[in-house]
Amino acid sequence: MTIDIKQLHKIETHRKVVIKFLLLLSVLVLYFSYLSYEYGILTGGIVAALTWSFFVLCTPVADAGFLLDFPIRLIFGIRMLYSEILVWTIAISINFYALADGSNAYDKTVLTTLLQKIITTPYPYWSIIILSGIGTFLSIYFGDEMLDVFRHRDRVKYHQHGFKLKFIAVISLFALTFLAYYFLLNALHIQFNDI
């Protein structure tokens with residue numbers, strides 16, 4: 001009986017992804033439990049969902065979404081770009097519901113208060129969401145490309161100069177987006193050190 005090193009590495013990679021996902025899920029459950037204890041189950045659930053949507057819509061990296069996108073890509077093979085579109089749709093829908101409901105769920109935490117201000121003030125705050133979308137989808141595109149390279153490392157097309165130029169272009173655009181996001185937050189006097 002021989003042990004296939006590639007299979008063993010693949011199993012270990014999947015195990016690490018599952019462990020990270022379970023850790024994230026436990027943090028989310030603890031946060032939801034705390035908010036439910038403080039505000040009740042319904043309001044606590046809405047506040048937890050709004051907090052998650054803040055990280056989806058208002059940060060220029062795929063942090064909240066990537067935690068779902070990466071395991072979905074590894075387990076089901078669905079490109080992260082498609083699952084991130086679904087993540088953004090869910091995050092926007094949660095905010096439509098919270099605004100239409102007229103509840104005071106946005107008033108419960110500093111992040112949700114800031115999220116409400118960003119969402120309800122198109123100019124200039126929607127530029128935060130636009131830059132966050134650009135940065136998020138660039139990072140997701142880059143992540144998909146890197147997974148393709150790792151998975152297909154023997155294919156010739158990924159070793160051509162075209163991939164290297166595309167890689168440099170995506171990283172440069174992401175860096176510019178991140179810098180623009182940073183300067184925009186400073187210009188709007190939004191300080192995350194205070195949160």
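In this chain, residues are counted from 1 in sequence order. Just so you know, these numbers come straight off a predicted model, no measurement behind them.
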Practice task
Report the residues that fulfil side-chain contact (heavy atoms from CB on, under 4.5 Å) with Leu86, sequence neighbours left out, ordered by chain and then residue number.
Solution key: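 Checked Leu86 against side-chain contact (heavy atoms from CB on, under 4.5 Å); matches are Ile90.
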Handout entry: Residues which pass side-chain contact (heavy atoms from CB on, under 4.5 Å) with Phe76, listed by chain and number, not counting sequence neighbours
Key =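 Partners of Phe76 by the side-chain contact (heavy atoms from CB on, under 4.5 Å) criterion, ordered by chain and then number, come out as Ile72, Ile78.
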Handout entry: All ring pair (Phe, Tyr, Trp, His ring centres under 6.0 Å) counterparts of Tyr106, not counting sequence neighbours
Key =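 Once residues adjacent in sequence are excluded, Tyr106 has no partner under the ring pair (Phe, Tyr, Trp, His ring centres under 6.0 Å) criterion.
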Exercise for the section: Would you confirm whether Thr43, through its side chain, and Gly40, through its main-chain N or O, come within 3.5 Å as a donor-acceptor pair? Expected result: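 Between the backbone of Gly40 and the side chain of Thr43 there is no qualifying donor-acceptor contact (under 3.5 Å).
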In the hydrophobic cluster built from side-chain contacts under 4.5 Å, what are the other members alongside [X]?
{"X": "Val47", "result": "Tyr31, Tyr34, Leu35, Tyr39"}
{"X": "Tyr123", "result": "none"}
{"X": "Phe32", "result": "Ile41"}

Can you tell me how far apart [atom1] ([X]) and [atom2] ([Y]) are? Round to the nearest 0.5 Å.
{"X": "Phe137", "Y": "Met80", "atom1": "CZ", "atom2": "CE", "answer": "12.0 Å"}
{"X": "Leu111", "Y": "Cys58", "atom1": "CG", "atom2": "SG", "answer": "9.0 Å"}
{"X": "Leu114", "Y": "Ile119", "atom1": "CG", "atom2": "CD1", "answer": "10.0 Å"}

[X] and [Y]: same hydrophobic cluster, using ILVMFWY side-chain contacts below 4.5 Å?
{"X": "Phe96", "Y": "Ile85", "answer": "yes"}
{"X": "Tyr97", "Y": "Trp52", "answer": "yes"}
{"X": "Ile118", "Y": "Leu99", "answer": "yes"}

Practice task
Sequence neighbours left out, what passes side chain to side chain donor-acceptor pair (under 3.5 Å) with Ser53? Give chain and number order.
Solution key: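 Side chain to side chain donor-acceptor pair (under 3.5 Å) list for Ser53, sorted by chain: Asn95.
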Handout entry: Any residue meeting side chain to side chain donor-acceptor pair (under 3.5 Å) with Asp101, in chain and number order, not counting sequence neighbours
Key =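 Asp101 satisfies side chain to side chain donor-acceptor pair (under 3.5 Å) with Ser103 only.
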Exercise for the section: Determine which pairs satisfy side chain to side chain donor-acceptor pair (under 3.5 Å) with at least one residue from residues 108-118, sequence neighbours left out, and list them in order. Expected result: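 Counting only pairs at least two positions apart or across chains, the side chain to side chain donor-acceptor pair (under 3.5 Å) contacts touching residues 108-118 are Thr109-Thr112, Lys117-Tyr125.
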Handout entry: Name of the residue among Leu176, Thr136, Thr177 meeting side-chain contact (heavy atoms from CB on, under 4.5 Å) with Leu131
Key =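 Of the listed options, the one satisfying the test is Thr177.
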Practice task
Start with the C-alpha distance between Ile128 and Ser132, add both sets of side-chain angles, then the distance that settles side chain to side chain contact (heavy atoms under 4.5 Å, CB included), and finish with yes or no.
Solution key: CA-CA 6 Å; Ile128 293 171; Ser132 296; 4.1 Å; yes
